Amino acid sequence: MGIKDEMQSKAQQAKQKLQGKQDEAKQRGQSEQERLRQRAEEARQKGQQSFDDIQDDLDDRT
């Protein structure tokens, strides 16, 4: 009976360790996704500003 309990305990520990690593990877993925989302938003804003500047220049010429 002792070996069975020991094996079950080790299996439970391995399962918990795996779950912890999966949670950690999920959190890292979410952080990376948010960082990329912010960079895309910044690039979009810069692009819009450049477009607005060009449009203002064209309006000034007419």
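All of these numbers come straight from a predicted model, not from anything done at the bench.
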Could you walk me through whether Q38 and E42 satisfy the side chain to side chain donor-acceptor pair (under 3.5 Å) test, starting with their C-alpha distance in whole Å, then the side-chain angles of each, then the deciding distance to 0.1 Å, before giving a yes or no? CA-CA 6 Å; Q38 287 175 346; E42 289 171 5; over 6 Å; no
Going by distance alone, is a donor N or O of one side chain under 3.5 Å from an acceptor N or O of the other, for Q30 and E34? no
Check step by step if side-chain contact (heavy atoms from CB on, under 4.5 Å) holds for Q8 and Q12. CA-CA 6 Å; Q8 285 177 337; Q12 183 66 26; over 6 Å; no
More than 12 non-hydrogen atoms from neighbouring residues, nucleotides or ligands closer than 6.0 Å to CZ on R37, yes or no? yes
Tell me yes or no: between the side chains of D23 and Q19, is some donor less than 3.5 Å from an acceptor? yes
Here the gap from L18 atom CG to K21 atom NZ, rounded to the nearest 0.5 Å, amounts to 9.0 Å
Quick check against the 3.5 Å criterion: does S50 have a side-chain atom that pairs as donor or acceptor with the backbone of K46? yes
Could you tell me the separation between the CD1 atom of I54 and the CD atom of Q49, rounded to the nearest 0.5 Å? 10.5 Å
Would you call E24-R28 a salt bridge at under 4.0 Å N-O? yes
Verify the distance criterion only: is there a donor paired with an acceptor across the side chains of D52 and Q48 at less than 3.5 Å? yes
